[in-house]
Amino acid sequence: MKVVSMINGSLLSESASYYAISYAQSVNLPFTALFIDNGKESKERVQKSVESLHEIAEAHNVEFEFIELQGDVIEQLQHFCQLYAVDTLFCATRQDSKLRSFSENIIKSDIETDIAVVKIKNVAHVKSTGRLMLVSKEQINPHTFVLWLGLLKHSDGYGRIYLASEKGFAKATTKSGLKYLAAPFMQLAIMAGISEENIEVINAIKPMGAEGLQRYVVENNMDLLVIRSGVYPGRQLADIGDHCSVNSIVFYPWKG
């Protein structure tokens with residue numbers, strides 16, 4: 001298995017790759033920087049990104065490789081994921097969802113891997129991952145959880161789990177009920193060596209809407225959001241990424 005991040009020489013893709021390297025370190029997997037040349041990107045800028053990412057990977061003791069392919073991006077990506085066991089594919093998306101991003105095509109392509117779409121709102125804040133928030137439904141996807149947990153372990157930071165589901169909240173009408181829903185994941189985090197004091201389930205009886213989540217992130221000084229796709233409708237999810245002041249990762253588990 002390997003962690004793969006798509007690069008194109010942009011600062012956004014390079015920043016997204018930092019999260020991929022951090023995750024790869026935590027789960028002890030090699031990291032691959034993947035560039036698919038469709039004739040539209042600057043190879044000089046790509047090479048500078050490769051050199052920078054190689055240095056970061058070495059500093060984190062992560063095995064590094066660079067692969068360059070040519071041709072149609074989606075076709076090459078599908079072929080690549082069929083040949084290699086990819087744990088998670090990271091890709092950056094544009095800072096404003098009104099500007100179409102190629103990440104949308106990747107999400108719709110049914111590639112046989114989990115996809116982590118990274119929206120960088122503050123490049124200077126990429127390495128600040130001390131306060132991480134996981135936003136999921138009452139049934140937390142294990143791959144989404146592992147990504148959040150890996151980044152949390154890498155930063156030795158403080159994590160919050162928020163279960164945003166009308167169905168789950170209807171069942172859990174008390175704060176203790178909310179804690180019960182997330183208890184197995186709290187226990188897994190503790191088994192992974194994270195202090196119990198560094199993890200918290202948010203005690204909110206009514207689920208927060210998209211605007212409420214944005215306010216919560218600011219008021220509680222969070223550094224990074226990890227959001228399971230489908231928690232909010234697509235437009236609301238885009239609004240969170242567009243208007244939130246922090247970087248975010250929307251995680252799309254493979255539906256195979």
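Index from 1, following the sequence.
The backbone N or O of Lys48 lies less than 3.5 Å from no partner atom in the side chain of Ser52, so there is not a single donor-acceptor pair. Side-chain atoms of Thr144 never come within 3.5 Å of backbone atoms of Phe251 as a donor-acceptor pair (strictly under, hydrogens ignored).
One finds the OG atom of Ser248 at 8.0 Å from the CD1 atom of Ile120 (value rounded to the nearest 0.5 Å). Distance check, rounded to the nearest 0.5 Å: CZ of Phe145 to CD1 of Ile140 gives 6.5 Å. Put simply, OG on Ser17 and CG on Leu12 are 10.5 Å apart, with the number rounded to the nearest 0.5 Å. The structure places OH of Tyr23 at 7.0 Å from CZ of Phe90, a figure rounded to the nearest 0.5 Å. To the nearest 0.5 Å, the span separating CG on Asn198 from OG on Ser155 amounts to 9.0 Å.
Not a single side chain to side chain donor-acceptor pair (under 3.5 Å) links Ser229 to another residue, sequence neighbours left out. With sequence neighbours excluded, the residues that form a side chain to side chain donor-acceptor pair (under 3.5 Å) with Gln25 are His154. Shown here are the side chain to side chain donor-acceptor pair (under 3.5 Å) partners of Ser13, two or more places apart in sequence or in another chain: Asn8, Ser10. With sequence neighbours excluded, the residues satisfying side chain to side chain donor-acceptor pair (under 3.5 Å) with Tyr158 are Arg160, Glu200.
You'll find the side chain of Pro253 reaches within 4.5 Å of the side chain of Arg228, heavy atoms only. Annotation: side chain of Thr88 is not in contact with side chain of Leu147 (no heavy-atom distance under 4.5 Å). Between Tyr19 and Asn247, some side-chain heavy-atom pair lies under the 4.5 Å cut-off.
Counting only residues at least two apart or on different chains, no salt bridge (charged side-chain N to carboxylate O under 4.0 Å, His left out) pair has a member in residues 139-155.
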Show which side-chain atoms of residues 62-72 pair as donor or acceptor with protein atoms under 3.5 Å away, not counting sequence neighbours.
from	atom 1	to	atom 2	distance (Å)
Glu65	OE2	Lys2	NZ	2.7
Glu65	OE2	Thr32	OG1	2.6
Glu68	OE2	Lys43	NZ	3.1
Asp72	OD2	Ile74	N	3.3
Asp72	OD2	Glu75	N	2.9

